[in-house]
There are 2 protein chains.
Amino acid sequence: MVITVDDERLDAMFAALADRTRRDIVARLGEGEATVKELAAPYAMSLQAVSQHIGVLERCGLVSRGRHRQTRPCRLEPGALEAAVSWIEESRRVWAERMDRLDTHLARLQDGERQ
Amino acid sequence: MVITVDDERLDAMFAALADRTRRDIVARLGEGEATVKELAAPYAMSLQAVSQHIGVLERCGLVSRGRHRQTRPCRLEPGALEAAVSWIEESRRVWAERMDRLDTHLARLQDGERQ
DNA sequence: CGCTTGATAAAGCGTCTGCTTGAGTATCGC
DNA sequence: GCGATACTCAAGCAGACGCTTTATCAAGCG
């Protein structure tokens, strides 16, 4: 029932998304590539801190860093969010199925009462 | 662009899901209600630890605890996962739109070359 | 070559987490 | 009432996390 292989990756991905600054960075990278300096600009914290945040996003596969001159442009890794979404969707599917079964069960009980 | 109101809730929700044991508990509650003792049974850790995990899930709105005799039955809070999904969907939507714009832009460039 | 810019590496610090143990509370059956 | 059951509360501890500062590295520019 539990797919153990993906657990560590899901841990890392949800943990990465559990931070407002990192979610913000992901959202902004959705608009296009950006350098570390550009990404750091809106925040009060140091450039190093933002670089570390990007490191977290990179380690869980959400973001990749390239090299262009002395900058390191960051981009969103297209299919990466799928892992998180599919876990949630699976969880919702199970819940919805159970609700359906419950409805069926209740309907049968009502039919029984009518007879 | 950033909806600040929901940020704390998203923090808590993603943080809650960033733990394998808690994701497992959510998955099992999808199958139906369960008491703390039942939820704790599969794990090597103490009952208190599981109770704390449930506390985390409760605090972010994913789970609610009732009372029945001396047990405290836990159930999944139906719409709660929506918050997480909708953030991810929004992020993917932005990315997809940008890709579309890029395609359009490239198409226009090609049209220009043809003329 | 030195100087600046963009970025990472490493160490330190306060805080938060996950878990433990021990104690306390509420409800059941006798 | 009494003990057992189901659970929460509280304190403590090792490890992870977010951020800082200092140092380092690589690339462009005078």
Spacing of B/R59 atom CZ relative to C/dT17 atom C1', expressed in whole Å:
11 Å
So does A/S51 get a side-chain nitrogen or oxygen closer than 4.0 Å to the phosphate oxygens (OP1/OP2) of C/dT8?
yes
Closer to the 5' end of DNA chain D via nearest nucleotide, is it B/P73 or A/R69?
B/P73
Can a salt bridge be assigned to the pair A/R93 and A/E89 using a cut-off of 4.0 Å between side-chain N and carboxylate O?
no
Within this structure, what is the CG-to-P distance between B/L39 and D/dT8, rounded to whole angstrom?
11 Å
Within the 4.0 Å heavy-atom criterion, would you say A/T21 contacts the bases, only the backbone, or no part of the nucleic acid?
nothing
Check if the side chain of B/Q70 and the base of C/dG29 share a donor-acceptor pair of N or O atoms closer than 3.5 Å.
no
What is the minimum heavy-atom distance between B/R98 and A/E33, and which atoms define it?
NH2-N, 4.3 Å
Taking the side chain of B/H53 as its heavy atoms from C-beta onward, which of C/dC19, C/dG29, D/dG18 lies nearest to it?
C/dC19
Could you tell me whether the side chain of B/D11 reaches within less than 4.5 Å of the side chain of A/D19, counting heavy atoms only?
no
Does D/dC7 have OP1 or OP2 under 4.0 Å away from a side-chain N or O of B/T35?
yes
When you measure from the side-chain N and O atoms of A/R65 to the phosphate of C/dT8, is any distance below 4.0 Å, counting only OP1 and OP2?
yes
From CZ of B/F14 over to P of D/dC17, roughly how many Å is that when rounded to an integer?
17 Å
Residue B/Q48, side-chain atoms from C-beta onward, closest of C/dA9, D/dG28, D/dT8:
D/dT8
Could you tell me how far apart A/R67 (CZ) and D/dG28 (P) are, to the nearest whole angstrom?
12 Å
Would you say a side-chain N or O of B/R22 is under 4.0 Å from OP1 or OP2 of C/dG18?
yes
Could you state the CD-P distance from B/Q52 to D/dA11, rounded to the nearest angstrom?
13 Å
Within this structure, what is the CG-to-P distance between A/D19 and D/dA16, rounded to whole angstrom?
18 Å
5'-most contact on DNA chain D: A/V56 or A/H68, nearest heavy atom basis?
A/V56
Determine the minimum heavy-atom distance between B/L47 and B/A40, stating which atoms define it.
CD1-CB, 3.6 Å
How many Å lie between CE on A/M45 and P on D/dG18, as a whole number?
10 Å
Measure from the side-chain heavy atoms of A/L47 and tell me the nearest of C/dT20, D/dT8, C/dT8.
C/dT8
Does a side-chain N or O of A/S46 approach OP1 or OP2 of D/dT20 to a distance below 4.0 Å, or not?
yes
note: A/K37, atom NZ; C/dT4, atom P; distance rounded to Å ~ 15 Å
Keeping A/R65 on the side-chain end and A/R75 on the backbone end, is there a donor-acceptor pair under 3.5 Å?
no
